[in-house]
Peer 1: 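Right, I'll just put the structure down here and ask away after.
These values consider heavy atoms only, across backbone and side chains, with no hydrogens, waters or symmetry-generated copies.
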Amino acid sequence: QVRLVESGGGLVQAGGSLRLSCAAYGRTFDSPAMGWFRQAPGKEREFVAAISRSGGSTMYEDSVKGRFTISRDNAKNTVYLQMNGLKPEETAIYYCTIGPSVARLESSDYWGQGTQVTVSS
């Protein structure tokens, strides 16, 4: 079993920044990829960013490229999402997930409780 605990959400003005953190506990060694998804009110959950175990491979949703950066600290079993230049339409609950590969993250059985990010205009 794996438990994921997110933190770092909050209220920020448009153009501002937030850094999300997600700590993984438990049987993580066979789930090397980690990532972030978000779900806005009334919308489906969407992919935001993902990172391989080594951190050498990252993926981003097109609209966040150049503004968001995903990173990880394997010694702490923690993944981060630095979000700069936030936009009001990025208001959502942000979820962390872990899985055997980046391609399989969306179907992962393991999700955090979510952290609310609200961007005011």
Peer 1: Side chain of Gln39, backbone of Lys43: donor and acceptor closer than 3.5 Å?
Peer 2: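 Yes.
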Peer 1: Knowing that exactly one of Asn84, Val12, Thr118 qualifies, which makes a side-chain contact (heavy atoms from CB on, under 4.5 Å) with Leu18?
Peer 2: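 Between Leu18 and the candidates, side-chain contact (heavy atoms from CB on, under 4.5 Å) is satisfied uniquely by Val12.
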Peer 1: Checking Glu6 side chain against Gln113 main chain: does a donor-acceptor pair fall under 3.5 Å?
Peer 2: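 Yes; judged by distance alone, with no hydrogens or angles, the pair exists.
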Peer 1: Flag the pair Arg67 and Glu90 as a salt bridge only when some basic side-chain nitrogen lies within less than 4.0 angstrom of an acidic carboxylate oxygen.
Peer 2: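 Judged by the 4.0 Å cut-off on N to carboxylate O distance, Arg67 and Glu90 do form a salt bridge.
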Peer 1: To the nearest 0.5 Å, tell me how far Gln13 CD sits from Ser121 OG.
Peer 2: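 One gets 9.5 Å once the value is rounded to the nearest 0.5 Å.
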Peer 1: Do Val48 and Phe68 come close enough that some side-chain heavy atom pair is under 4.5 Å?
Peer 2: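 Yes. Closest side-chain heavy atoms under 4.5 Å.
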Peer 1: Honestly curious: do Val119 and Trp36 fall in one hydrophobic cluster under the side-chain, below-4.5 Å linking rule?
Peer 2: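 Yes, one cluster joins them.
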Peer 1: Can you measure from OG (Ser107) to CG (Asp109) and round to the nearest 0.5 angstrom?
Peer 2: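 Between atom OG of Ser107 and atom CG of Asp109 there are 7.5 Å.
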Peer 1: Tell me the closest heavy-atom pair linking Gly85 and Ser17, and the distance in Å.
Peer 2: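 Closest approach of Gly85 to Ser17: N-OG, 4.4 Å.
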Peer 1: Between Ala49 and Tyr60, what is the shortest heavy-atom contact and its length?
Peer 2: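 For Ala49 and Tyr60, the tightest heavy-atom pair comes out as CB-CD2, 3.7 Å.
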Peer 1: Of all heavy-atom pairs between Ala24 and Ile98, which one has the smallest distance, and what is that distance?
Peer 2: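 What the structure gives for the nearest pair is CB-CD1, 4.4 Å.
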Peer 1: When you compare the side chain of Tyr110 with that of Arg27, does any pair of heavy atoms fall below 4.5 Å?
Peer 2: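 No, every pair of side-chain atoms sits at 4.5 Å or beyond.
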Peer 1: Quick one: are Glu46 and Glu106 in side-chain contact, heavy atoms under 4.5 Å?
Peer 2: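 No; the side chains remain at least 4.5 Å from each other.
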Peer 1: Roughly how far, to the nearest 0.5 Å, is CE of Met83 from CD1 of Ile70?
Peer 2: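 Taking CD1 in Ile70 and CE in Met83, the distance rounds to 11.5 Å.
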Peer 1: Indicate the atoms forming the closest heavy-atom contact of Met34 with Arg72, along with that distance.
Peer 2: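 Where Met34 meets Arg72 most closely, the heavy atoms are SD-NH2, 3.7 Å.
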Peer 1: Which pair of heavy atoms, one from Ser63 and one from Arg38, lies closest together, and at what distance?
Peer 2: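 Where Ser63 meets Arg38 most closely, the heavy atoms are OG-NH2, 3.7 Å.
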Peer 1: Out of Val117, Leu20, Val64, Thr69, which residue meets the side-chain contact (heavy atoms from CB on, under 4.5 Å) rule with Leu81?
Peer 2: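 Single pass found, and it is Leu20.
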Peer 1: Using every non-hydrogen atom in the two residues, find where Ala50 and Val102 come nearest and quote the distance to one decimal.
Peer 2: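 What the structure gives for the nearest pair is CB-CG1, 3.7 Å.
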Peer 1: Between Phe37 and Tyr95, is the gap from one ring center to the other below 6.0 Å?
Peer 2: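 Between Phe37 and Tyr95, the centre distance exceeds or equals 6.0 Å.
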Peer 1: Distance from Ser120 atom OG to Leu86 atom CG, nearest 0.5 Å?
Peer 2: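 So the gap between those two atoms works out to 10.5 Å.
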Peer 1: Using the rule that Ile, Leu, Val, Met, Phe, Trp and Tyr join whenever any side-chain heavy atoms are under 4.5 Å apart, tell me whether Met59 and Leu105 fall into a single cluster.
Peer 2: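 Same cluster.
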Peer 1: Looking just at side-chain N and O atoms, do Ser21 and Thr78 make a donor-acceptor pair shorter than 3.5 Å?
Peer 2: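 No, Thr78 and Ser21 have no side-chain donor paired with an acceptor closer than 3.5 Å.
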Peer 1: Among Val79, Thr115, Val5, exactly one meets side-chain contact (heavy atoms from CB on, under 4.5 Å) together with Cys22. Which residue is that?
Peer 2: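 Result for side-chain contact (heavy atoms from CB on, under 4.5 Å) with Cys22: Val79.
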Peer 1: Please check this pair: side chain of Thr97 against backbone of Gly35, looking for a donor-acceptor N/O pair closer than 3.5 Å.
Peer 2: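 It does not hold such a pair.
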